[in-house]
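Report on one structure; see the data block that follows.
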Amino acid sequence: MPFPTCYRLCQRAGRIGFLLLLCTGATAVLADTPREQWHAQLTGSYAALAASSSTLHDRANQQCMPTEPTSVATLQGDWLKAFLAWQQVRFIDFGPIEQNSMAWQFQFWPDSKNLVARQVDGWLKDQRPISTQAIAAESVAIKGFPAMEYLLFDEKALASPRACELLQAISAQVSGNATSLAEQWAAFKPHYLAEPVYDVTTISAATHALEILRDARLAAPMGLQGKKRRNPYLADAWRSGQSLTAMKASLEGLQRDFLPGFTTLMHAQEHDELLQQFEQALIASLDRLEPLPADMTASLDNDQGYRDLQLLFVDIDRLTTLLDGPIASELGIIKGFNSSDGD
């Protein structure tokens, strides 16, 4: 069954999670080339992002009902589930996600000027009518997961009488984008499978995502980049205290969505030893993250915690260098400009 048809049937049936597993699983079984495997895996992950974003929007709507409002804790949990679904597919920086600055609409980051808080506060203090259309016309800083995070985890913002209505509008924007992205990715399949260059493009996307994780998401808050001082506010998801959870989700996304197709490609080119090194380095990074707290803030403030982050940095650096170095060399990949440079 074609994915767009399957996805619409799943939505109408009201059992998105279970039925999407069946729909995407059937596609994955038939996949046997690297690009077929990558597309099939990502089809399921984009569908999961659409489903979790839809749930978040539904709960936000319920929160605004005076009779049966959703608890803040439930909304926070729904936000986290959808946010982590985004983290798992965040490494894909080509194809439909490139349209209309879609990645920035999901997550405006880094935010060194605190634009998210400033723009959300502007809407909370203003008297402008709030609507999905009004939010769609605004900058990316007000449209995505960080703006919702601020509304849900900042006590002052949460207490605003306009917070509920603004959360509705932003979650509608994110849900609409996620559904559109899932449909566009399905439609992108013939082109993606027909063009051999997407082998290199997909590997380069994974490399770039690892570089961002290592240098911007981890090293910068640790004080290993830029001003050379520890600063938890440089991490993403610091307001919700989920910066390390988000990193783990990104690595899990690579393990689930990138590794199967990558394994097929590396086997075909008889690079099994390098593949094993990469897989072991990925597992080691995930194992390192497992016992760490959800947030890195506390770890930055004490010696043992900081040593744990240093060890994590070494693991992720090893993983990144392996993919960007000997593996890229063996596959003939020349590093060049990436469409997401500047993130």
Side-chain angles (χ1 to χ4, degrees), residues 45 48-49 51-53 55-57 59-60 63 70-91 103-112 114-117 120 141 143-158 163 167 170-171 174-175 178 209-210 212-222 230-256 285-302 305-306 308-309 312-313 315-316 343:
S45 294
L49 173 61
S52 58
S53 297
T55 298
L56 174 59
H57 178 51
R59 289 280 172 76
Q63 170 67 9
T70 302
S71 72
V72 173
T74 298
L75 269 172
Q76 290 173 338
D78 289 331
W79 173 87
L80 181 60
K81 183 176 180 181
F83 178 67
L84 295 182
W86 159 245
Q87 295 306 310
Q88 290 172 342
V89 296
R90 183 175 170 179
F91 76 96
W104 286 95
Q105 291 193 52
F106 280 111
Q107 185 177 5
F108 179 74
W109 184 89
D111 183 17
S112 59
N114 203 24
L115 291 177
V116 168
V120 171
K143 291 182 178 179
F145 286 109
M148 290 190 288
E149 179 188 25
Y150 181 60
L151 283 168
L152 288 169
F153 291 90
D154 184 272
E155 292 184 6
K156 185 178 178 181
L158 188 60
L167 182 64
I170 298 173
S171 64
V174 169
S175 179
L210 285 170
I212 290 174
L213 197 158
R214 178 193 62 191
D215 299 336
R217 299 172 66 185
L218 184 58
M222 289 177 65
R230 304 177 193 182
N231 184 357
Y233 301 115
L234 295 178
D236 49 358
W238 62 266
R239 288 188 174 94
S240 58
Q242 298 291 339
S243 52
L244 292 178
T245 305
M247 290 184 200
K248 184 180 178 184
S250 293
L251 291 176
E252 288 172 339
L254 286 172
Q255 187 179 52
R256 184 190 62 204
S285 298
L286 283 165
D287 287 346
R288 184 76 67 187
L289 272 163
E290 188 63 36
L292 299 184
D295 188 29
M296 72 166 65
T297 301
S299 298
L300 292 174
D301 290 337
N302 69 84
Y306 193 75
D308 291 338
L309 292 179
L312 175 63
F313 177 85
D315 285 337
I316 294 177
D343 278 6

For K248 and E290: C-alpha separation, side-chain torsions, deciding distance, then whether side-chain contact (heavy atoms from CB on, under 4.5 Å) applies. CA-CA 8 Å; K248 184 180 178 184; E290 188 63 36; 2.7 Å; yes
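- Using a 4.5 Å cut-off on side-chain heavy atoms (C-beta onward), V120 and D154 make no contact.
- Nearest heavy atom pair, residue A117 against residue R239, reads CB-NH2, 3.5 Å.
- Atom CD of E252 is separated from atom OG of S285 by 12.0 Å, given to the nearest 0.5 angstrom.
- Relative ring orientation between F106 and W86 is described as parallel, the plane-to-plane angle staying below 30° on a 0-90° scale split at 30° and 60°.
- Summarising the geometry, atom CG belonging to L234 is positioned 9.5 Å from atom CG belonging to L300; distances are rounded to the nearest 0.5 Å.
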Could you give me the CA-CA distance, side-chain angles and deciding distance for Y306 and M222, then say whether side-chain contact (heavy atoms from CB on, under 4.5 Å) is met? CA-CA 8 Å; Y306 193 75; M222 289 177 65; 3.9 Å; yes
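- The shortest heavy-atom contact between W79 and F153 is CE3-CE1, 3.8 Å.
- In this structure a side-chain-to-backbone donor-acceptor pair under 3.5 Å is present from E149 to S240.
- Shown here for P221 and A216, the closest heavy-atom pair between the two residues is CD-O, 3.4 Å.
- Atom CD1 of I170 and atom CE of M148 lie 7.0 Å apart (nearest 0.5 Å).
- Between the side chains of S45 and R256, at least one donor N or O lies within less than 3.5 Å of an accepting N or O.
- Panel note: side chain W238, backbone S243; no donor-acceptor pair is recorded below 3.5 Å.
- Here the side chains of L289 and D315 are not in contact, with every heavy-atom distance at 4.5 Å or above.
- Counting only distance, with no hydrogens or angles, the side chain of Q107 and the backbone of G144 share no donor-acceptor pair below 3.5 Å.
- Of all heavy-atom pairs spanning L151 and L158, the tightest one is O-CD1, 3.2 Å.
- We find the OH-CG distance between Y233 and N114 to be 10.5 Å, quoted to the nearest 0.5 Å.
- Taken to the nearest 0.5 Å, the CD1 atom of I212 stands 8.5 Å off from the CZ atom of R217.
- The heavy-atom pair separating L218 from M296 by the smallest distance is CD1-CE, 4.1 Å.
- The CG atom of L84 lies 11.0 Å from the CG atom of L49; values are rounded to the nearest 0.5 Å.
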Pair D295-T245, side-chain contact (heavy atoms from CB on, under 4.5 Å): steps then yes or no: CA-CA 7 Å; D295 188 29; T245 305; over 6 Å; no
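- Taking both residues in full, the closest heavy atoms of Q255 and L286 are given as OE1-CD1, 3.5 Å, listed atom of the first, atom of the second, then distance.
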